[in-house]
Amino acid sequence: MSIISLSIVVPVYNEAGSIPEFSVRITQVLEDMSTRFSLLKEALEVVCVNDGSTDESLSLLLAQNQADPRFKVVNLSRNFGHQAALSAGIDVAKGEFVVVIDADLQDPPETIPTLYETSLKGFDVVYAVRAKREGESWFKKVTAHLFYRLLRKLSPFPIPTNTGDFRLMSRRVVNVLKRMPERHRFIRGMVSFIGFPQIGVLYHRQPRSAGETSYTLVKMLRLAADAITSFSALPLRVTLYLGFGVAGLGFLYAFDILYEKLFKHTTLPGWSSLMVVVLTLGGAQLIFLGLIGEYLGRVHDESKQRPLYIIESETP
Ligand code: UDP
Ligand code: MG
């Protein structure tokens with residue numbers, strides 16, 4: 001079995017329009033890299049994960065594999081989503097370094113040699129930072145910007161902004177990533193969690209070469225929810241704060257109602273007691289919901305079974 005120096009992982013969902021050009025450009029990049037970094041041609045592989053495409057994608061990928069066996073095809077049984085497809089590809093990849101790239105050519109393959117070159121300076125993760133986003137709606141740009149700012153505030157460790165999944169990872173990072181079995185995956189956040197020397201490299205994000213984005217609003221919201229709940233328990237704590245707030249206000253209001261009842265006699269019989277009970281009980285219920293949320297959050301963290309710590313080196 002030959003040793004693979006570099007694996008390129010490509011999630012593919014209905015990308016028939018992009019695959020021919022993608023294959024040509026990736027092949028050129030492989031060519032350039034083997035001369036520039038003196039890598040064996042057979043030491044490079046492209047792991048294409050077909051994520052339940054309903055168009056010609058799979059047959060195009062299989063044809064590419066016939067033409068150049070360095071292109072491997074992993075075919076999923078149905079559409080599992082971008083992050084799951086990526087995980088499948090990363091698990092299959094054998095390379096000493098693993099690059100993750102989209103098939104739609106928004107991430108130019110010509111950036112890969114730069115990522116690789118940077119990693120040789122001693123970085124385990126080289127992520128591509130979008131200097132400019134072309135051909136994307138202002139809605140996507142604004143929501144992405146707000147989302148990454150929020151995530152930065154909530155996460156206990158920094159997650160780089162303007163960064164997608166386009167990145168290079170070393171084998172030791174990939175091996176840790178493979179040990180993180182969580183179901184709701186936000187891979188760029190998980191890679192930040194892993195640590196080791198990481199660095200960003202600027203690139204220009206291109207417009208899609210063909211087709212439409214398959215990240216619908218619903219999928220984007222789901223990814224955002226996964227990101228926030230995986231990296232912060234703050235939303236759970238919000239309930240607790242809210243409970244204290246409402247209960248506190250109810251308590252204060254009770255004084256006002258008592259005052260009106262005893263000194264101004266402006267209240268209807270039965271109304272005061274009812275209001276006080278409703279307000280304070282409502283608040284108390286929220287407090288307990290929040291408390292349950294706190295416990296649930298911890299169970300949630302446990303069930304993710306993340307490694308407790310990661311050993312970088314051991315001295316005997
Ligand atoms: N993709 C996938 N499964 C999905 C959705 C997307 O494998 O359910 C792939 C898609 O083929 C592309 C990458 O993930 O290579 C990014 O998807 P897309 O371009 O639609 O997202 P955007 O770039 O708009 O965020
Ligand atoms: Mg895209």
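Every value quoted in this text rests on a predicted model; they were computed, and no experiment measured them. Both counts, for ligands and for their atoms, begin at 1 and track the order of listing.
Few gaps surround CZ on Arg36; more than 12 heavy atoms of other groups in view lie less than 6.0 Å from it.
Close approach of ligand 1 to Lys140 (heavy-atom distance below 4.0 Å) involves ligand atoms 22 (P), 24 (O), 25 (O). Residue Asp104 has at least one heavy-atom neighbour below 4.0 Å for each of these atoms of ligand 1: 19 (O), 23 (O). Near Glu15, meaning under 4.0 Å from any of its heavy atoms, are these atoms of ligand 1: 10 (C), 11 (O), 12 (C), 15 (O). Atom numbering of ligand 1 starts at 1 in the shown order; those under 4.0 Å from a heavy atom of Asn79 are 3 (N), 4 (C), 8 (O). Residue contact check: Val12 has heavy atoms under 4.0 Å from atoms 7 (O), 11 (O) of ligand 1. Within the listing of ligand 1, atoms 15 (O) sit less than 4.0 angstrom from a heavy atom of Ala103.
Donor-acceptor pairing under 3.5 Å is lacking for the side chains of Glu96 and Ser5. For the 3.5 Å distance criterion, the side chains of Asn79 and Tyr13 fail to qualify, holding no donor opposite an acceptor. When only modelled atom types and interatomic distance are considered, Asn175 and Arg171 share a side-chain donor-acceptor pair under 3.5 Å.
Ring orientation note: the planes of Phe263 and Tyr259 are tilted relative to one another, at an angle of 30° to 60°.
Here the protein heavy atom with the shortest distance to atom 9 (C) of ligand 1 is Pro11 O, 3.7 Å. Protein heavy atom closest to atom 5 (C) of ligand 1, with residue, atom name and distance, is Ser214 OG, 3.2 Å. Nearest protein heavy-atom contact of atom 18 (P) of ligand 1 is Arg208 NH2, 3.5 Å. Residue, atom and distance of the protein heavy atom nearest to atom 1 (N) of ligand 1 are Tyr13 CB, 3.6 Å. For atom 14 (O) of ligand 1, the nearest non-hydrogen atom of the protein is His82 CD2, 3.1 Å. Among all non-hydrogen protein atoms, the one lying nearest atom 3 (N) of ligand 1 is Asp51 OD2, 2.5 Å. What sits closest to atom 16 (C) of ligand 1 on the protein, heavy atoms only, is Asp102 OD2, 3.3 Å. Residue, atom and distance of the protein heavy atom nearest to atom 24 (O) of ligand 1 are Thr213 OG1, 2.6 Å.
Of the listed residues (Ile19, Asn65, Val73), just one forms a side-chain contact (heavy atoms from CB on, under 4.5 Å) with Leu60, and that residue is Ile19. A side-chain contact (heavy atoms from CB on, under 4.5 Å) with Val126 is found for one member of Leu120, Ile112, Thr114, Thr118 and no other, namely Thr118.
The angle Asp104:OD2 - the Mg ion (ligand 2) - Gln106:OE1 amounts to 100°, with values rounded to 10 degrees.
Remark: the backbone N or O of Ser23 is not paired with any side-chain donor or acceptor of Gln64 at under 3.5 angstrom.
Using 4.0 Å as the threshold, Met220 has no heavy atom nearer than that to any atom of ligand 1. Residue contacts with ligand 1 leave out Gln83, since none of its heavy atoms falls under 4.0 Å from the ligand.
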Derivation and outcome, side chain to side chain contact (heavy atoms under 4.5 Å, CB included), residues Val191 and Tyr127: CA-CA 10 Å; Val191 173; Tyr127 49 85; over 6 Å; no
